[in-house]
Every structure is written in C-alpha cells, then in structure tokens.
Amino acid sequence: MSGNGTVMNEWKFREQMCEIGRRIYNKGFAAANDGNISYRLGEDRVLCSPTRVSKGFMKPDDLCVVDLDGKQISGKRGRSSEILLHLTIMRARPDIRSVVHCHPPHATAFAVAREPIPKCVLPEIEVFLGEVAISPYETPCGQSFADTVLPYVKDTETILLANHGTVTYGTDLEDAYFKTEIIDAYCRILLLAKQLGRVHYYTDQKAAELIQLKPKLGIPDPRLERGLENCDLCGNSLFRKGYGEPSPEPKVFVHPKIAGEQKEASPIESHLTPLGSEIARPSATAPASAAGRLSGSASASPNGKAQSGALDPEALVQAITDQVMQALNGAVK
Ligand SMILES: [Zn+2]
C-alpha cells in the first residue's frame, strides 16, 4: 500500500490499534501508560500510540502519525517515546507493518533473569515463534536503545529486551500482538512446569519435523535456510554465540545437552534437574525423612538396587515394615 490510503482505511487501522491496546492492557502486559504500538500506513507514514496515555483507554484520534525517522506528522498528542525502536525494525524489515512493545510479566521475567527461551518444549512455539532472542540492555528511548535489536531483527520476530520487556512484530497489528501473547503464555507455562518439578524436552528429530511444517503454513524459519542438519535444534540457540554482549546463558532451563548430560538416558530420564543434578530432591517431606532414616538399611538390601541414591521401593516398604514391627515389639515388651 502506498501513502495514499483512504481516510476510511486509516480510521479502521486506528480503531484496530485501540482494540489491540485494550487487549495489551487487559492482559496485564502494560501497567499504567507502559507499552507502545505502531502500524505502517504507507511508505513514510507510521501510525503510533501516543505517549503518556494508557494503552487500555486510547481513542482513535489520540493516535499520532510519524515519518520513518520519527518526526511527528500529525496528532494532538506527542508520539510514543519508544517509537525509534519500532521504526528501526521497520527500516530493517520492509515486510513488517506492525510492531508491539510492552512488558508482559512472564516473558519480562525471563528478560530480567536473562534466561534464554528454551526450545523443544511446546510444538506450537516451534511453529509460530521459532527462536526467540534476548537483546542487550540499553537505556530506553534513544537510537542506541533501538539499535540493540538490529543483530537479531532478521532472524526472529520475537525479541526479549534485557531488563525491560518484549518487542514483537509482524505483517499486521494482530500478527504482531499475537506473538506477544504467545511468548508470555509460553513463559508462564515454563515457570509453572518448573514449579511442578521437571521440564521435559522432545528430541531434535521431533523439532525438525515441526520446522519442516512451517513452509506449508507460509511461515519462514532461518533454520531451514541454514539446513536443519547444520543446526543444533534443541540444545543450542542461533542467538547464543556470535551476537555480542550479553550472550545469555541458561541458568534454570538448561537443556540436558548443554548441561553435558550426554549419558545414554532413557526417555523418562532425559529431563532437566534444576541447578545441578547432584542434589537429590525428595518429592515429599514424609517419604523423604523416611528415606533419610532408612537409607542405610535400604542400600544394604540383598538385591543391591538401591545404591545409586534411587531407593528401591520394595526395599523401602520392607524397611518401614521392619521398623514398625520392631517398634511394636518394643512396645509389647
Ligand atoms: Zn518499555
């Protein structure tokens, strides 16, 4: 579309931007006046949210129009202070029409922890997001802040901004916004799963199957261009090396491959154990204390199965029964 779209068309995009603003606010992705949204109306005309207005309560004529350098063309309110981030993405990616920046709490938690987004966990993430980058921290608003995304901008449409929030972009307003919704839901699921215990990963082979589906859905993926056989699909990231500082290192969602747990693991064992697998983590207090007290007798069980720290359940039951019987005998005497 060129810069001569009709007034009616522009009004439609203004209404849609207000609607996306309401979704962002109602989802808790932007507190108070946080966050900003943009839409490329024409070659050098970009519609954007105004500064110091809650994204949940924008009206179509609150919105501003700027050129691709950020100079305000129209609007009764000042343009968003973070518009340079949006325009930098649009200049680097002519295919991108819309950019959404906000602070969705679960994804922002990963950006604060600088924890890379793990792959090979949820199939739909592989298909609809692909790899997610974390860009280095910079003071918001200026051009040097905007430039932090440049190394990643061609290889992903979902970027975590270190210690700040997220930026997602796409071919229209909803496409750009949906990526924010997807990354925050994914980060929420990861945090919940982690609280339950383990995060399990599917294999490189299964990841390749998903990535090969993408062309049929019209979704490009840089890993296909590089050749899947040259990519470490699950255990490493496109963005971990060679993208400068910081190179985020996984601390919590460490893939077994990165952790060096390359011993032949059964599918059930190919999980991650948080912060070092040497720490045995009892699953509940009562059995744990029983296991603690009984570990001596359990490891001395005749079949010798309980020596590696994993108690043989049969030996454990037998040991408990023995202790109960001893206690009862003691009480009777
Ligand atoms: Zn921000």
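In each ligand, atom 1 is the first atom listed, and ligand 1 is the first ligand listed.
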Going by the angle between their ring planes, with limits at 30° and 60°, are Y177 and F29 parallel, tilted or perpendicular?
tilted

What N, O or S atom of H101 is found closest to the Zn ion (ligand 1)?
NE2

Parallel, tilted or perpendicular: rings of F145 and H164 (30°, 60°):
parallel

To the nearest 10 degrees, could you say what angle the Zn ion (ligand 1) makes with NE2 of H164 and NE2 of H103?
100°

Test item: K55 side-chain N/O and N33 main-chain N/O as donor-acceptor pair under 3.5 Å
yes

How about C102: does one of its N, O or S atoms come closer than 2.8 Å to the Zn ion (ligand 1)?
no

Ring of F128, cation from K179 - is the NZ or CZ under 6.0 Å from the centre and inside 45° of the axis?
no

